[in-house]
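Since the structure is predicted, the reported quantities are computational estimates derived from the model, not experimental observations. In each ligand, atom 1 is the first atom listed, and ligand 1 is the first ligand listed.
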Amino acid sequence: MITPASRILGTGHYLPSIVRTNADLEKMVDTSDQWIIDRTGIRERRIAPEGVVTSDMATAAAKQALEAAELKASDLDMIIVGTVTPDMPMPATAVFVQQKLGAGSCPAFDLSAACAGFIFGMSIADQFIRSGVMKNVLVVGVELLSRVINWEDRTTCVLFGDGAGAVILGPAGGATHDGKPRGLLSTKIQSDGLLAQSLMIPGGGSVAPMTTELIEQKKNKVHMRGQDIFKVAVKNLYSATKEALDMTGMTAEQVDWICPHQANLRIIDFAATRLGVPKEKVLINIDRVGNTSSASIPILLDENLRSGKIRTGDTVAMCALGAGISWGGAIVRI
Ligand code: UT7
């Protein structure tokens with residue numbers, strides 16, 4: 001039997017209050033509510049108001065997670081923020097979160113693995129806890145994508161939303177009523193740079209430093225070849241979940257919930273069917289929040305823990321894929 005090193009001590013999430021519906025988008029670009037629902041499953045998404053920045057959303061989610069874990073900010077040994085929409089290129093958004101939480105001088109850094117950022121973060125946190133170097137690690141997935149979306153590009157602007165989700169990982173302990181250990185049972189993370197061009201913000205870095213011309217050409221906004229990502233997403237979400245399960249010796253039937261990255265309902269359906277998992281076990285909120293990239297899984301997880309749908313002792317399989325491409329799977333017993 002697997003002996004987990006770390007366990008989820010608390011979770012939290014934050015969604016900004018502004019709701020942008022498909023009907024709102026119909027007024028902005030040549031699209032339709034029907035197309036968006038049929039091709040993605042999205043009905044509405046949340047948009048951060050002016051003045052709210054990435055670290056504000058991350059901090060709000062982190063505060064909830066700390067409260068749920070019954071910990072203080074000063075109890076944190078490390079802060080990892082998965083994001084591709086940081087407050088600014090330097091310093092890390094994680095240090096602003098640290099400042100806003102009043103978390104002392106623990107290491108705080110950002111992690112760029114796009115939609116897989118949260119699973120990458122959990123995997124890294126788990127290694128530090130496993131080695132005994134760290135005890136309580138805050139892992140946040142947060143995105144303020146509305147500020148890097150080209151709102152004239154119908155192929156991307158209908159997909160994304162803003163939000164944050166947070167988890168505190170701490171040393172494993174305790175068991176379920178039937179004696180199974182609670183905790184993070186496995187993580188599997190991977191990247192393949194061969195598909196790097198499929199999803200990117202091409203401008204603003206060393207390749208194409210920010211100029212007025214670059215801004216006019218919208219090179220500081222998200223560019224995506226959706227079809228390229230779609231195909232690989234179904235294949236890799238299946239394989240990442242399967243490999244993470246294999247590491248635990250469990251089968252898909254033994255999992256209580258699949259908590260997948262919410263990029264497209266069709267991708268989720270195809271991957272779940274391939275895994276042989278019935279629809280009732282697949283957690284979904286894409287209709288309400290759209291694709292929030294690295295925030296997607298921790299938001300979904302927290303919503304379902306707070307509603308009582310996911311209960312202590314349940315086994316949850318998480319999987320995500322995004323720009324990079326980077327992808328991963330994780331199996332957790334709550
Ligand atoms: O989380 C990060 C990872 N990202 C993903 O996992 C995204 C993966 N990709 C996808 O989810 C899908 O590819 C999309 C939702 C982005 C697009 O759906 P699709 O079924 O692959 O559509 P498509 O790109 O093949 O486009 C089909 C048609 C095209 O028109 P023509 O060429 O057939 O005339 C598009 O121009 O749909 C058109 N189209 C739209 N029509 C109305 C594209 N976007 C829209 C739109 N409204 N918003």
Side-chain angles (χ1 to χ4, degrees), residues 20-45 82-85 112-120 141-146 148-163 165 189-202 221-241 259-272 274 284-287 289-300 318-329:
R20 187 162 291 171
T21 64
N22 291 350
D24 295 331
L25 288 165
E26 282 177 345
K27 294 179 202 133
M28 297 165 70
V29 287
D30 180 16
T31 192
S32 68
D33 179 43
Q34 204 56 53
W35 190 97
I36 303 171
I37 293 172
D38 290 349
R39 306 309 289 169
T40 71
I42 301 168
R43 290 174 187 273
E44 58 188 42
R45 69 288 292 142
T83 190
V84 289
T85 49
S112 177
C115 307
F118 177 72
I119 290 187
F120 273 54
V142 57
E143 302 294 356
L144 213 163
L145 288 154
S146 62
V148 293
I149 291 299
N150 175 1
W151 289 103
E152 291 167 4
D153 174 11
R154 68 173 183 175
T155 69
T156 52
C157 77
V158 302
L159 304 174
F160 298 99
D162 301 332
I189 52 174
Q190 280 176 276
S191 301
D192 184 351
L194 287 176
L195 283 169
Q197 276 73 19
S198 298
L199 178 48
M200 51 175 25
I201 298 175
K221 304 291 181 185
V222 170
H223 292 247
M224 181 170 78
R225 297 203 296 254
Q227 279 286 339
D228 292 2
I229 307 270
F230 192 102
K231 286 175 214 146
V232 78
V234 174
K235 184 167 144 275
N236 291 7
L237 287 180
Y238 162 77
S239 65
T241 313
C259 184
H261 169 47
Q262 308 282 298
N264 186 318
L265 195 54
R266 288 184 298 137
I267 293 176
I268 296 169
D269 284 347
F270 280 129
R274 247 182 114 174
I284 299 292
N285 66 3
I286 191 170
D287 51 325
V289 304
N291 180 349
T292 57
S293 189
S294 66
S296 164
I297 289 178
I299 292 173
L300 186 64
M318 306 173 189
C319 53
L321 177 139
I325 56 168
S326 289
W327 69 99

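Side chains of Ile189 and Ile119 form a contact here, defined as non-hydrogen atoms less than 4.5 Å apart.
The two residues Ala320 and Ala116 make their nearest non-hydrogen contact at CB-CA, 4.0 Å.
Proximity of a side-chain donor or acceptor of Glu44 to a complementary backbone N or O of Ile42 within less than 3.5 Å is not detected.
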Return all side-chain donor-acceptor pairs below 3.5 angstrom for residues 28-36, not counting sequence neighbours, or 'none' if the list is empty.
unit_1, atom_1, unit_2, atom_2, d
Ser32, OG, Trp35, N, 3.0
Asp33, OD1, Asn22, ND2, 2.9
Gln34, NE2, Asp38, OD1, 3.1

For ligand 1, run through the N/O pairs with the protein that fall under 3.5 Å and put one pair on each line.
unit_1, atom_1, unit_2, atom_2, d
ligand 1, 1 (O), His261, NE2, 2.9
ligand 1, 1 (O), Asn291, ND2, 2.7
ligand 1, 9 (N), Gly226, O, 3.0
ligand 1, 11 (O), Asn264, ND2, 2.7
ligand 1, 13 (O), Gly226, O, 3.3
ligand 1, 20 (O), Arg39, NE, 3.0
ligand 1, 20 (O), Arg39, NH2, 2.7
ligand 1, 20 (O), Arg266, NH2, 2.9
ligand 1, 21 (O), Gln227, NE2, 2.6
ligand 1, 25 (O), Gln227, NE2, 2.9
ligand 1, 36 (O), Arg154, NH2, 3.0
ligand 1, 37 (O), Trp35, NE1, 3.4
ligand 1, 41 (N), Trp35, NE1, 3.4
ligand 1, 41 (N), Arg154, NH1, 3.4
ligand 1, 47 (N), Thr31, OG1, 2.7
ligand 1, 48 (N), Thr31, OG1, 3.1
ligand 1, 48 (N), Arg154, O, 2.9

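In this structure, the separation between CG on Asp269 and CD1 on Ile267 is 10.5 Å, given to the nearest 0.5 Å. Here Trp151 contributes atom CH2 and Ser146 contributes atom OG; the two are 6.0 Å apart, rounded to the nearest 0.5 Å.
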